[in-house]
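Only this structure's heavy atoms are used, side chains among them; waters, hydrogens and symmetry mates stay out. Just so we're clear, the structure is a prediction, and the values are computed from it rather than from any experiment.
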Amino acid sequence: VYKRQAYDHIDVYQIHVKRFEADTGLWSEVGPDSASGGGISNSSGNSGDPSLVLDVAGNPVVAWREHFGANRMIYVKRYDDASDSWQELGSSSASGGGVSGYGGVFAPSLSLDASGNPIVAWHAEDALEGSHIYIKRYDENEWTEIGAGSASGIGISEGSERSQFPSLQVGGDGAPIVAWVDGELRPHDFSGSVFFGLEIFAKVYDDTTQSWVEVGTGSATTGGISQTENLSSSPCLALDASGNPTVAWTEAESYEADGDIYLKRFDGTGDWVGVGGGSASPGGIRALAGIAETPSLALDGDGNPVVAWKEDMVNPEIYVARYNDQEDRWDGFGEVTASGGGISDSSGHSAEPSLSMDSNGNPVVAWREDTAGNSEIYVKRLDDATQMWVELGDGSARGGGISVNEGRSSVPRIVLLGDDNPMVAWRDTTSGASQIYLKRYTGTEWVEVGDGSASGGGVSESEGSSESPSLALDPAGN
């Protein structure tokens with residue numbers, strides 16, 4: 001799924017969708033015109049911020065932000081295989097006020113409950129009331145609140161002044177959990193002025209009381225999970241096998257200060273705790289002196305957190321650390337992955353890490369590498385036998401990487417196939433316009449996924465500008 005800028009007298013963004021058909025080796029539209037013209041949004045406004053999931057049958061469901069004039073709404077559509085068409089869920093999930101109703105809404109986060117029903121969270125801004133977190137579920141042909149007031153009034157964030165950027169997951173018991181960035185005005189320590197302090201908050205839906213409750217004491221009141229009184233942002237949420245959440249985020253003392261990567265997890269008994277001693281105190285999970293940002297979080301087979309991030313010191317590098325529960329500490333994977341030059345160890349600018357874990361609990365990371373005036377996509381995997389970070393095929397993390405072209409390659413998104421080999425989507429400008437490209441690793445080389453998926457117009461084949469790739473696999477691995 002991606003945003004496309006079309007040109008028809010005025011510039012507008014649309015939502016387009018394609019999928020790979022293994023039997024033909026081609027990228028195809030998912031229903032008529034899903035990746036041409038107006039796509040699945042087919043709007044005269046601006047459509048953006050797509051969030052994609054696949055249902056149990058492998059059919060895509062997409063939520064996005066729709067912008068008409070002064071109004072922004074959350075729209076949702078699902079592909080119906082029987083009719084070969086994209087359909088609204090209920091009477092107006094992608095028309096009028098959509099799922100959210102009219103207002104200043106942003107940042108949809110989409111998931112499915114245990115019955116396969118879509119759940120979508122978002123934040124909405126109001127000039128007088130601030131911004132709040134809202135959530136709805138599709139059930140029996142209508143969109144309903146999940147507990148009284150979850151999508152009205154001040155939502156599930158209640159009395160907070162500025163609640164934004166929800167991250168939604170659904171636990172094994174079907175209970176939705178939402179983490180978000182929460183802000184409040186605070187006096188500046190030195191100047192006497194005020195600024196927005198940012199914390200990480202979280203709530204879970206309690207089906208017994210039919211209400212949104214804190215995940216342990218204080219997870220959605222002053223200080224929240226983070227409890228730093230600084231600037232906490234960019235939360236990443238993951239759930240272990242028991243449904244207990246872990247959250248990683250970026251922490252900074254001020255807008256001008258260096259950032260750290262912090263992490264806490266819920267212990268299942270009522271408390272959010274740091275792991276490895278200092279994971280939620282100055283320095284965080286790292287022992288570096290640069291500016292850390294853009295964490296990417298995953299859990300290994302034992303439920304222990306693994307984090308990749310960008311660190312800006314002499315030049316930005318990519319670092320990876322994991323929690324060692326035997327020694328109660330954070331370690332690098334293999335050689336110098338949480339120190340020195342990290343896994344990138346380059347003279348260029350390394351950024352935008354995307355992390356996934358294979359079936360043996362070893363991480364695979366894709367990132368953007370800027371060297372010699374160009375931007376390429378690089379990939380490395382931790383080798384289980386040697387505990388060294390290695391390329392996948394010749395040159396996946398040097399020279400032209402896996403993108404190996406003259407355009408600007410950026411925003412990688414990685415998933416692993418059933419054989420643990422990675423597939424990577426990214427944004428690329430080789431054709432002269434911004435397109436979405438895709439390659440997979442066969443075990444010996446990187447290849448296109450169908451003819452032209454990483455050349456020319458790529459997967460998107462758009463006359464406009466294709467952005468923001470989001471990648472998922474159906475049950476067959478397509």
Interatomic spacing from OG in S93 to CG in N141 - rounded to 0.5 Å: 11.0 Å
Candidate pair Y441 and W446, rule ring pair (Phe, Tyr, Trp, His ring centres under 6.0 Å), full reasoning: CA-CA 4 Å; Y441 183 58; W446 288 88; 5.4 Å; yes
Derivation of the salt bridge (Lys or Arg N to Asp or Glu O under 4.0 Å) call for K310 and D312: CA-CA 7 Å; K310 169 195 166 187; D312 193 349; 5.0 Å; no
Pair D384, N360: side-chain N/O donor-acceptor within cut-off below 3.5 Å: no
Test item: T294 side-chain N/O and W309 main-chain N/O as donor-acceptor pair under 3.5 Å: no
Audit row: R265, N244, side chain to side chain contact (heavy atoms under 4.5 Å, CB included) steps and yes/no: CA-CA 8 Å; R265 69 178 174 191; N244 292 321; over 6 Å; no
A94 backbone acceptor or donor facing K77 side chain under 3.5 Å: no
Heavy-atom neighbours of D451 CG exceed 12 at 6.0 Å: no
From CA spacing to verdict: side chain to side chain donor-acceptor pair (under 3.5 Å), E448, S455: CA-CA 9 Å; E448 292 185 331; S455 57; 2.9 Å; yes
Side-chain heavy atoms of F201 within contact of I133, under 4.5 Å: no
Nearest heavy atoms of R19 and W27, plus distance in Å: C-CE3, 3.3 Å
W122 CH2 to R72 CZ distance, which is reported to the nearest 0.5 Å: 15.5 Å
Minimum heavy-atom distance S434-E467, with the two atoms named: OG-OE2, 3.7 Å
Chi angles and distances behind the side chain to side chain donor-acceptor pair (under 3.5 Å) call for D139, T144: CA-CA 7 Å; D139 189 22; T144 62; 5.4 Å; no
Interatomic spacing from CH2 in W389 to CG in N362 - rounded to 0.5 Å: 8.5 Å
Side chains of S462 and S460, donor plus acceptor under 3.5 Å: no
Side chain to side chain contact (heavy atoms under 4.5 Å, CB included) evaluation trace for V181 with I200: CA-CA 5 Å; V181 177; I200 306 300; 4.2 Å; yes
E317 CD to S350 OG distance, which is reported to the nearest 0.5 Å: 4.5 Å
Aromatic plane relationship, W64 with Y75 - under 30° parallel, 30 to 60° tilted, over 60° perpendicular: perpendicular
Sidechain-backbone polar pair: K18 side chain, V459 backbone, donor-acceptor under 3.5 Å: yes
Heavy-atom side-chain contact between P245 and Q169 under 4.5 Å: no
Sidechain-backbone polar pair: Y437 side chain, V424 backbone, donor-acceptor under 3.5 Å: no
Sidechain-backbone polar pair: S403 side chain, N405 backbone, donor-acceptor under 3.5 Å: no
D84 vs P32 side-chain heavy atoms within contact, under 4.5 Å: yes
Over all atoms of both residues, closest heavy-atom pair of I74 and R65: CD1-CA, 4.4 Å
Audit row: T442, N421, side chain to side chain contact (heavy atoms under 4.5 Å, CB included) steps and yes/no: CA-CA 7 Å; T442 65; N421 286 324; 5.8 Å; no
Student check: side-chain heavy atoms of V178 and K203 closer than 4.5 Å: no
Parallel, tilted or perpendicular: ring planes of H123 versus F106, cut at 30 and 60 degrees: parallel
Shortest non-hydrogen contact from R381 toward P422: NH2-CD, 3.7 Å
pair V415-R413: side-chain heavy atoms closer than 4.5 Å: no
Atom of I135, atom of A151 and distance for their closest heavy-atom approach: O-CB, 3.6 Å
Close side-chain approach of D33 to N42, heavy-atom, < 4.5 Å: no
Student check: side-chain heavy atoms of V120 and W143 closer than 4.5 Å: yes
Spacing of N304 atom CG and D325 atom CG [to the nearest 0.5 Å]: 4.0 Å
Donor-acceptor contact below 3.5 Å, side chain W249 vs main chain E199: no
E251/S226 under side chain to side chain donor-acceptor pair (under 3.5 Å): CA gap, chis, key distance, verdict: CA-CA 9 Å; E251 185 71 29; S226 43; 5.3 Å; no
Note: R322-D300 ion pair, threshold 4.0 Å (strictly below): no
Pairing residues for S111 by the side-chain contact (heavy atoms from CB on, under 4.5 Å) criterion, not counting sequence neighbours: L168, V170
Expected output: side-chain S41 to main-chain I15 donor-acceptor under 3.5 Å: yes
D328 and Y323: CA distance, side-chain angles, deciding distance, side chain to side chain donor-acceptor pair (under 3.5 Å) verdict: CA-CA 7 Å; D328 190 31; Y323 174 60; 2.5 Å; yes
Euclidean distance, N374 CG relative to R408 CZ, rounded to 0.5 Å: 8.5 Å
Heavy-atom side-chain proximity of L263 to W330 below 4.5 angstrom: yes
Donor-acceptor under 3.5 Å (E29 side chain, S36 main chain): yes
Modelled atom types, side-chain donor and acceptor of S409 and D428, under 3.5 Å: yes
Short side-chain to backbone donor-acceptor contact, T250 and S234, under 3.5 Å: no
Exercise: identify the closest heavy-atom pair between V12 and S43: CG2-O, 4.4 Å
Pairs involving residues 451-471, ordered by first then second residue, that meet ring-ring contact (aromatic ring centres under 6.0 Å, His included) (sequence neighbours left out): none
Salt-bridge criterion met for R368 and D370 (N-O under 4.0 Å): yes
Test side chain to side chain contact (heavy atoms under 4.5 Å, CB included) applied to R440 and V447, step by step: CA-CA 6 Å; R440 67 180 177 89; V447 299; 4.0 Å; yes
Ion pair check, R78 and D55, cut-off under 4.0 Å: no
Ring geometry between W367 and Y378 (parallel below 30°, tilted from 30 to 60°, perpendicular above 60°): perpendicular
Backbone of S95 reached by a side-chain donor or acceptor of E88 within 3.5 Å: yes
